[in-house]
Amino acid sequence: MKNLMITGGAGFIGANFVLYVLNRYPDYNVVVYDKLTYAGNLDNLLTVKDHSHYHFVQGDICDTVVVNETVQKYDIDTIVNFAAETHVDRSIMNPDAFIQTSVYGTYVLLEAARKYKLERYHQISTDEVYGHIPPGYSSKETDNLVPRSPYAASKASADLLVQSYFITYNLPVTITRGSNNIGPYQYPEKVVPLFATNALDNEPLPVYGDGRQMREYQYVTDHCEAIDLVLHRGVIGEAYNVGTAVEMENIEMIDILLTTLDRPQSLIHHVKDREGHDRRYSLNIDKIGALGWEPRHTPREAIAQTARWYRDNEWWWRKIKSGAFKEYYEKQYGHRWQNK
Ligand code: NAD
Ligand code: DAU
């Protein structure tokens with residue numbers, strides 16, 4: 001493993017992974033292949049833009065020609081696929097791009113991996129593929145996939161395709177299924193950066209329903225370490241859950257955010273719930289634990305550290321929130337304020 005093509009590498013987790021790899025493996029070459037959708041942002045990669053082992057290609061993973069050209073040109077031996085449409089609320093408004101990218105795009109990448117006999121194809125997946133998890137249970141990798149939003153269904157479809165390429169063509173694949181990541185460079189449509197930046201501006205925080213939904217908030221660099229471990233020590237053909245084993249209600253996460261940023265509870269506004277909202281995710285992480293991984297941050301530390309990053313990095317998020325984001329925000333939340 002030496003020449004990595006990191007698709008979706010200009011997004012939140014992808015960019016953090018690129019920074020991690022270039023720092024950890026000085027002899028690796030990293031090619032970021034990214035369409036630069038609204039969520040792709042080269043500011044996330046500013047610190048490595050002149051790095052001699054870093055290259056950027058703007059391209060769509062659905063475009064077979066450019067994908068194949070890139071694999072050949074850079075002598076790629078490993079694809080790590082982060083590219084996806086990733087926001088559940090947007091998938092409810094319009095699922096089209098979700099299906100295109102995660103289903104057809106994943107197929108294009110798998111075909112390239114097969115054609116050029118790559119050493120590894122790694123798929124970045126999510127805990128949402130398991131669907132809503134009742135209290136008292138944590139999902140295992142062998143559980144059925146029961147996705148409940150168009151986003152989750154697009155990701156589950158990709159996982160099934162990846163597994164089918166292992167079984168049918170013996171393609172060397174691995175999959176990681178992560179819980180809710182937070183940290184630097186997350187587009188402020190996701191709850192933690194949205195609420196942190198709203199709070200910094202003394203704007204209300206639109207809490208869906210009663211706010212008692214449960215998530216495992218995970219610091220992004222912990223997730224990057226887990227992906228690294230699976231790339232180097234994971235068993236071919238296997239999926240690995242990557243979570244914290246500590247679940248938290250959204251209202252507790254919000255309390256930590258507001259306390260860290262010294263903002264009042266009065267910013268909390270309960271609004272109309274998300275359609276089909278999954279109440280709880282919970283991952284059993286014994287399998288990756290057996291490889292020697294554990295998260296370095298508790299969810300509480302991850303939330304506070306993330307809040308401080310947004311407080312200290314207005315240069316990054318102010319320009320995003322002042323552009324097309326405003327239109328999205330009005331469309332997504334305009335009706336919610338009146339309509340509980
Ligand atoms: P993100 O939305 O921040 O970034 C996605 C990136 O993919 C962007 O840079 C975008 O430009 C690129 N992209 C989208 N469509 C593309 C296409 N057709 N071709 C090429 N590039 C394209 O996403 P993220 O939060 O960093 O998530 C990355 C991956 O991790 C996704 O696969 C997501 O499903 C998965 N995941 C995310 C989380 C989370 O909490 N954010 C948790 C578990 C898994
Ligand atoms: O679980 C992993 C998944 O986490 C990833 O696969 C997705 O790509 C990522 O977007 C995230 O999905 P969620 O739907 O869990 O994340 P989001 O930040 O959108 O919402 C987290 C919780 O906060 C969820 O219970 C909904 C709630 N929420 C969200 C928003 C945007 C609110 O209450 N208000 C909001 O405005």
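In listed order, ligands and their atoms are each counted from 1.
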| said: Would you say E216 and Y281 are linked by a side-chain donor-acceptor pair, where the criterion is simply a distance under 3.5 Å? | reply: no
ask   = Got more than 12 heavy atoms from elsewhere within 6.0 Å of CD, E327?
value = no
among protein heavy atoms, the one nearest atom 7 (O) of ligand 1 is G8 CA, 3.5 Å
Output yes when the distance from some N or O of ligand 1 to some N or O of N81 is under 3.5 Å, and no in every other case.
-> no
Can you tell me if R279 has over 12 outside heavy atoms packed within less than 6.0 Å of its CZ?
yes
If we number the atoms of ligand 1 from 1 as shown, the ones under 4.0 Å from a heavy atom of S125 are 43 (C), 44 (C)
Note to self: Would you say W293 and D222 are linked by a side-chain donor-acceptor pair, where the criterion is simply a distance under 3.5 Å?
What the structure shows: no
_Distance-only N or O hit between ligand 1 and D34, under 3.5 Å_ = yes
**Polar contact flag for T37 and ligand 1 (N/O pairs, less than 3.5 Å)** = yes
Logged contact type for D127 with ligand 2, heavy-atom cut-off 4.0 Å, is side chain
The closest protein heavy-atom partner of atom 42 (C) of ligand 1 is S179 O, 3.2 Å
I124 heavy atoms within 4.0 Å reach ligand 1 at atoms 29 (C), 30 (O), 32 (O), 35 (C)
Worksheet item: Would you say N181 and ligand 1 have an N/O pair spaced under 3.5 Å apart?
Response: yes
Looking only at side chains, do N29 and Y74 share a donor and an acceptor under 3.5 Å apart?
no
**Request:** Take atom CG of N202 as the centre, draw a 6.0 Å sphere, and report whether it contains more than 12 heavy atoms from other residues, nucleotides or ligands.
**Result:** yes
Would you call E189 a ligand 2 contact, heavy-atom distance under 4.0 Å?
-> yes
for atom 34 (N) of ligand 2, nearest protein heavy atom and its distance come out as P206 O, 2.8 Å
Note: ligand 1 atoms sitting under 4.0 Å from heavy atoms of D60 are 17 (C), 18 (N), 19 (N)
Counting heavy atoms under 4.0 Å, the part of K190 that contacts ligand 2 is both
| Taking distance alone, with no angle check, do I13 and ligand 1 share an N/O pair under 3.5 Å? | yes
Among non-hydrogen protein atoms, atom 23 (O) of ligand 2 lies closest to N250 ND2, 3.4 Å
G59 heavy atoms within 4.0 Å reach ligand 1 at atoms 19 (N), 20 (C)
Any heavy atom of L194 under 4.0 Å from ligand 2? The part involved is side chain
A student checking ligand 1 against L36 at a 4.0 Å heavy-atom cut-off should list atoms 11 (O)
Q. When you check the side-chain N and O atoms of N250 and Y208, is any donor under 3.5 Å from an acceptor?
A. no
Going by distance only, is there an N or O of G178 that falls short of 3.5 Å from an N or O of ligand 1?
no
In ligand 1, the atoms that come under 4.0 Å of a heavy atom of A84 are 5 (C), 7 (O), 14 (C), 31 (C), 32 (O)
Next on the checklist: Please report whether ligand 1 has a polar contact with T126, defined as an N or O pair separated by less than 3.5 Å (distance criterion only).
Outcome noted: no
If we number the atoms of ligand 1 from 1 as shown, the ones under 4.0 Å from a heavy atom of K155 are 31 (C), 32 (O), 33 (C), 34 (O)
re atom 28 (C) of ligand 1, the protein heavy-atom contact at minimum distance is F82 O, 3.4 Å
Would you say ligand 1 has an N or O under 3.5 Å from any N or O of E85? no
Honestly, for Y151 the part within reach of ligand 1 (heavy atoms, under 4.0 Å) is side chain
- Query: Heavy-atom contact under 4.0 Å between G105 and ligand 1?
  - Reply: no
With sequence neighbours left out, the residues meeting ring pair (Phe, Tyr, Trp, His ring centres under 6.0 Å) with F166 are none
Checking heavy atoms under 4.0 Å, the part of V88 that sits near ligand 2 is side chain
Among non-hydrogen protein atoms, atom 27 (O) of ligand 1 lies closest to T86 CG2, 3.6 Å
query = Do any N or O atoms from the side chain of R263 and from the backbone of L261 form a donor-acceptor pair under 3.5 angstrom?
reply = yes
Next item on the list: Using atom types as modelled and distance alone, determine if a side-chain donor or acceptor of N181 lies under 3.5 Å from a backbone N or O of S179.
Entry: yes
For E294, is the CD atom crowded, meaning more than 12 foreign heavy atoms sit under 6.0 Å from it? no
**Asked** Would one find an N or O of F12, backbone or side chain, under 3.5 Å from an N or O of ligand 1?
**Response** yes
Within the side chain of D278, is there an N or O that forms a donor-acceptor pair under 3.5 Å with the backbone of G131? no
Ligand 1 atoms nearer than 4.0 angstrom to some heavy atom of N180 are 40 (O)
